[in-house]
Amino acid sequence: MAEDLYISGGTKEERYEALLPQLQGLLSGETDEVANLANVAAALKETFGFFWVGFYRVSGEELVLGPFQGPVACTRIRKGRGVCGTAWQEARTLVVPDVDAFPGHIACSSLSRSEIVVPLTGGAGEVWGVLDIDSSELNTFDEVDVRFLQEVCRLLRHNADK
Ligand code: SME
């Protein structure tokens, strides 16, 4: 598959719909986890221009920074801490319209204003990492992002044979 994305304008939903099959193609045939996480972070950043897009992976009782696109970020987050650690602990997607209103939010950048974190789960439902996206504007993420980003995370499970 060519390593180019083809996403024209349209609504956010249309852009996700155009992106998903291309991501599927990009991930198929590659089983290396870091390579796939890196390409998904790049594709989401390129398509939507989010401020920060990246992955943290579970290592013991911490999340450790993985492939990402955007400014440098915190490298380790303990279970139950911040938005990422909470999404991991509760094994559910968290949408934060205003990070200043989320108790315990970890500010890797003062420019981040809203955030979504989607757990990466394996076949037995165990969380092996999270997808974290930050926006420099308030109220960026809604049900459309939840639906499609959960689909993206499912693609990663399938491909990583988790
Ligand atoms: N804000 C996150 C930390 C990770 S950075 O946003 C990249 C949190 O509260 O878990």
Side-chain angles (χ1 to χ4, degrees), residues 5 7 12-13 15-16 19-20 23 26-27 30 32-122 124-157 159-160 162:
L5 292 177
I7 316 276
K12 177 164 73 173
E13 194 161 4
R15 293 165 80 82
Y16 274 119
L19 177 63
L20 267 175
L23 272 186
L26 197 58
L27 299 178
E30 179 52 71
D32 186 88
E33 191 170 284
V34 169
N36 285 333
L37 295 178
N39 261 341
V40 169
L44 288 169
K45 174 84 168 160
E46 185 180 335
T47 302
F48 297 104
F50 296 127
F51 175 68
W52 195 92
V53 182
F55 293 94
Y56 284 87
R57 289 185 295 171
V58 170
S59 174
E61 285 304 298
E62 292 180 319
L63 290 168
V64 180
L65 184 62
F68 70 96
Q69 296 268 317
V72 294
C74 331
T75 54
R76 289 172 187 269
I77 298 172
R78 292 197 70 79
K79 194 171 192 175
R81 304 295 292 271
V83 186
C84 292
T86 305
W88 170 25
Q89 187 167 52
E90 298 181 1
R92 67 184 179 98
T93 299
L94 293 180
V95 174
V96 180
D98 177 357
V99 296
D100 290 334
F102 187 94
H105 168 257
I106 300 165
C108 293
S109 165
S110 59
L111 296 176
S112 174
R113 308 293 303 283
S114 60
E115 181 163 356
I116 184 169
V117 179
V118 183
L120 295 157
T121 52
E126 78 284 5
V127 178
W128 59 274
V130 299
L131 165 62
D132 179 16
I133 305 182
D134 288 13
S135 167
S136 56
E137 290 169 23
L138 294 169
N139 293 309
T140 294
F141 305 103
D142 58 21
E143 280 310 308
V144 171
D145 300 285
V146 170
R147 183 155 54 90
F148 282 101
L149 293 173
Q150 286 179 342
E151 192 57 42
V152 168
C153 289
R154 266 193 290 276
L155 288 180
L156 283 164
R157 166 170 65 199
N159 195 261
K162 292 273 183 188

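Note that ligands are numbered from 1 as they come in the structure, with each ligand's atoms numbered from 1 the same way. We use all heavy atoms of the structure for the numbers below, so side chains are in, but hydrogens, waters and symmetry mates are not. If you read the sequence from its start, that first residue is 1, and numbering goes on from there.
Between R147 and E13, the closest side-chain pair of non-hydrogen atoms falls below 4.5 Å. Side-chain contact between L27 and V40 is present, with heavy atoms from C-beta onward closer than 4.5 Å. Inter-residue side-chain proximity for L120 and V127 is flagged as unmet; no heavy-atom pair is nearer than 4.5 Å. Considering only heavy atoms from C-beta on, V152 comes within 4.5 Å of L20 through its side chain.
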Are any protein N/O atoms closer than 3.5 Å to the N/O atoms of ligand 1? If there are, list each pair with names and the distance to one decimal place.
unit_1, atom_1, unit_2, atom_2, d
ligand 1, 1 (N), H105, NE2, 3.3
ligand 1, 1 (N), I106, O, 2.7
ligand 1, 1 (N), E115, OE1, 3.1
ligand 1, 1 (N), E115, OE2, 3.1
ligand 1, 6 (O), D132, OD2, 3.3
ligand 1, 6 (O), D134, OD1, 3.4
ligand 1, 6 (O), D134, OD2, 2.7
ligand 1, 9 (O), V83, N, 3.0
ligand 1, 9 (O), I106, N, 2.9
ligand 1, 10 (O), V83, N, 3.0
ligand 1, 10 (O), C84, N, 2.8

**Request:** Apply ring-ring contact (aromatic ring centres under 6.0 Å, His included) to F48 and Y16, showing your working.
**Result:** CA-CA 9 Å; F48 297 104; Y16 274 119; 4.4 Å; yes
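Remark: side-chain polar atoms of D145 are paired, donor with acceptor, to backbone N or O of D142 under 3.5 angstrom.
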